[in-house]
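In what follows, a structure is listed as structure tokens, so that the remarks can point back to it.
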Amino acid sequence: MSDHSDNRKAAPSITERAGQVAAPKGTERSHILLILANNAPGMVDRVVGVLRRRRAQPQTISIGQSEIPDVSRITIQMNDSEVGVEQLIEQLRKIVDVRHIVNLSAEQAVARELALVKVNAAAESRAEIIEIGNLFGAHIIDLAQETVTLEVTGSEEKIEKLVALLQRFGVREIARTGSVAMTRDL
Amino acid sequence: MQSTATISQMAEEARNATAHHVHEARDARELTGSQILCEALIREGVDLMYGYPGGAIMPFYDALTSYPALHHVLVRHEQAAAHAADGYARATGKVGVCVATSGPGATNLVTGLATAFMDSTPIIAITGQVARPFIGRDAFQETDILGVTQPITKHNFLVKRIEDLAEIIHEAFRLARGGRPGPVLIDVPKDVQNAKTLYSASAPISSIEHYRVTRVPHPSATAIEKAAHLIGEARQPLIMCGHGVILSNAYAELQAFAGKTRIPVITTLLGLSAFPETHPLAIGMPGMHGPAHVNRAIGQADLIIGVGLRFDDRVTGKVSEFAPHARFIHIDIDASEMHKVKRAAVPIVADAKAALTALLDAVATGNHDQWLNEIRSWEAQATERGASIERNLECPDPICILEAIRAETGGDAIIVTDVGQHQMWTARHYTWTRPNSHITSGGLGTMGFALPAAMGVKMGLPDATVWVVAGDGGIQMNIQELATLKQQGITVKVAIMNNGFLGMVRQWQHFFHNHNYSETPITGPDYVKLADAYGLTGMQITRRADVQAAVRKAMQTGGTVIIDFVIESEANVYPMVAPGSAITNMIEETAWESED
Ligand SMILES: Cc1ncc(C[n+]2csc(CCOP(=O)(O)OP(=O)(O)O)c2C)c(N)n1
């Protein structure tokens, strides 16, 4: 994260949040929170509300069905210090609908994201786009007169790399799901 | 990662799973939602509620007349219903109940819910909602009260099916009471109140099984051992206790622990009356308006044992300079309070009573008399300095009003304060001895709290003498409740410290805004006539010599009595720490200032 410490007017850094009094600057690192929560009305609202009120800055949030009926699984990706995350977890734990929370470091997690990328594809560049896509294991899910739409799954970095390579053809639209993750079994 | 940062309390909770009693549903009857509401409330031990009817809650009010066991108090504004339920809960430790209709009725509860949420008091709010087919259509008096109250309740429910109603009510009570208490709202659509289903008064009460309602979470043995070690090593330790001691009824444990270790005791605003101020170890209140010796002691302490408090900014001032030489043992039932403001060397997630009991066993007998004497010598210096200041002895002053109330009630009264200068004077200058005798809105600082809250306190403790101490600003915020007091025949005694200003704001303007008294001069009604208009008794006192007699007369007069004490208009609360500065950096009183 960029350091705005010399600029007093800058937006408050996350290191000024509650629970971070003792966290030295620069101790933030990537965390993935896995939350299992009852799929009750308003549950998502409550979770997101805690993040907002406690000034956490998630990078991605994704929500879907878990292996348990009526229980949703929420994956939140964020940069934060250890104490800050612990604080936030205890706040999230107080939400009645929340059943379980796990905090994974990047190393402990297997994380994947899905992206759809729509690229300008004139006749002469089409083959090249498809070839780049192949290198990333992407599928062509739509071919139109002027565009190709690729579907790619992988780590955030992989998706970013693919997008970067496609930029010169003209990327029209990107849709990303945000990461979903699981614990890496030993 | 540092292991002290791990504050999970899962293991403690597993041991405390709620036990269920199994009954037979042999007494099932078909009842309406409204009847079920009444039945379930009675089953939860409720006999009193505060509320105000309206369209969406009318079926409930219709059923109410068939349940004489439920006494309903018609307030004059729903905010007062929430504060009264809150006052009742604070005074009795039981769950307070308030009721309102949808839309404006429900939104009028909001300030009261936020007040209870900040101070961790258990109340249940029942709101009517438009009928299910109208929800989401901007129907007449439809407000998304779940959305509105989500950040200021522990949890809230919309009852979508009549079959879930009874269970939701019981769940709501369990949530309100359990762990760190707080408000819970139940929104009941009008057609659910009218719908019918089988209800059995003896059906088992189930619960949301995963929610870790831990009434008495016990501290871990390792944490206690570590804490005892730090306590044994400390040379200048302090105990700081907050509302948690009162909520967990840990008065005796606190006294035993302090007595054994001989560690001086500080009580926060919400901790006042958790420890008797006549005790030789009691040194006072910390923070923005704490006496100098307390803040100085915090500045020099090498160990702070925080019990049931959350290190609010009015207590800490500038956090980086708060107790800079101290390590912290932090006892709180809410794990999310650990390391929130100050990094705790030993975080103890537990009920205050359980933790103090365990600590008492683990610690050795101690002696910190030298440290205590040093603190006392600072206190004596301040007293001496105070005595040398020339004062206006003509008009009633806050201290003599408080002394008179204490003298005339033998220290047995419950004092309910509003918010402002009078609140700080009362906190500082009343000598708190009766456990849980100080009731105030600390976290939210809600003006208008005192009068309705006192109504709840008095109805919860009918044998207690209840005094309201309020400013002339705050008393006018819920003054309409005088009518409720009259209608219900409830007796509270009201002392208005009338300075003709929104005093605390004026004080800030005095210190931090160049004496620019913008919108702080305030007038009020003739309180003697006002009391009379409500059928109550009023007095106005303008001379100090008459204070004690007036208090005595108020005690001797039946019913609610209002005394309008005309105090010095520009007196300040001293000492004061400017917001955001270190608490050791205090503005002290220098000379009598009311003549400038
Ligand atoms: C509902 C509400 N509005 C505004 C404030 C801000 N406020 C805090 S103290 C105070 C002045 C209170 O004046 P008064 O009731 O006369 O008491 P005094 O300070 O004079 O004792 C105000 C306006 C508040 N705490 N609550």
Side-chain angles (χ1 to χ4, degrees), chain A residues 15-24 27-31 33 35-56 66 68 70-71 80-105 107-108, chain B residues 1-10 13 135 144 146-147 149-160 164 171-172 174-175 178-180 182 184 187 207-213 310-311 313 316 318-320 322 328 332-345 347 349:
Chain A
T15 50
E16 289 166 28
R17 270 180 36 219
Q20 301 215 330
V21 276
T27 54
E28 306 88 28
R29 57 189 185 81
S30 174
H31 290 266
L33 300 188
I35 302 175
L36 288 181
N38 290 346
N39 193 4
M43 176 276 289
V44 173
D45 228 29
R46 293 175 204 278
V47 170
V48 173
V50 166
L51 298 178
R52 174 181 61 76
R53 291 199 294 282
R54 300 292 166 181
R55 293 164 60 198
S66 75
I68 311 162
D70 297 325
V71 172
D80 213 327
S81 71
E82 197 67 46
V83 231
V85 166
E86 287 290 338
Q87 234 294 309
L88 191 67
I89 288 174
E90 292 305 333
Q91 293 293 352
L92 289 165
R93 251 195 241 291
K94 293 201 287 185
I95 299 172
V96 173
D97 298 321
V98 168
R99 301 165 69 111
H100 193 58
I101 309 183
V102 184
N103 172 15
L104 296 178
S105 65
E107 308 80 60
Q108 294 166 310
Chain B
M1 77 175 263
Q2 308 88 330
S3 63
T4 45
T6 308
I7 48 183
S8 166
Q9 55 168 357
M10 296 287 279
E13 286 159 348
I135 294 179
D144 170 20
L146 256 63
T149 60
Q150 192 213 91
I152 52 166
T153 50
K154 263 184 97 171
H155 193 63
N156 53 24
F157 297 91
L158 171 65
V159 185
K160 289 195 170 155
D164 300 336
E171 186 61 31
R174 211 184 334 270
L175 288 170
R180 176 178 181 171
V184 177
D187 200 25
S207 104
I208 299 179
E209 90 297 333
H210 63 273
Y211 186 72
R212 303 168 300 275
V213 178
R310 57 187 175 85
F311 297 103
D313 56 83
T316 61
K318 190 176 183 184
V319 171
S320 57
F322 176 74
F328 288 77
D332 200 283
I333 200 163
D334 182 351
S336 67
E337 289 302 337
M338 299 298 140
H339 317 300
K340 187 178 86 177
V341 177
K342 278 300 216 182
R343 177 67 162 254
V349 179

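Proteins come first, then strands; the chains are lettered A, B, ... in the order of their sequence lines, and each starts at number 1.
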- Item | Interface moiety of A:Arg46 toward chain B, non-hydrogen atoms closer than 4.5 Å | both

- Query: How many angstroms lie between atom CD of A:Glu82 and atom NE2 of B:His339, to the nearest 0.5 angstrom?
  - Reply: 11.0 Å

- Task: Indicate the atoms forming the closest heavy-atom contact of B:Lys154 with A:Val96, along with that distance.
- Result: O-CG2, 4.3 Å

- Item | side-chain contact (heavy atoms from CB on, under 4.5 Å) partners of A:Asp45, counting only residues at least two apart | B:Gln150

- Closest contact, heavy atoms only, A:Gln87 versus B:Lys340: NE2-CB, 3.5 Å

- Task: Go through the structure and list residues passing side-chain contact (heavy atoms from CB on, under 4.5 Å) with A:Ser30, not counting sequence neighbours.
- Result: A:Asn79

- One should read off an interatomic distance between B:Ser336 OG and A:Leu88 CG, to the nearest 0.5 angstrom, of 10.0 Å

- Under the criterion side-chain contact (heavy atoms from CB on, under 4.5 Å), which of A:Lys94, A:Glu90, A:Arg93, A:Gln91 is the partner of B:Asp334? A:Lys94

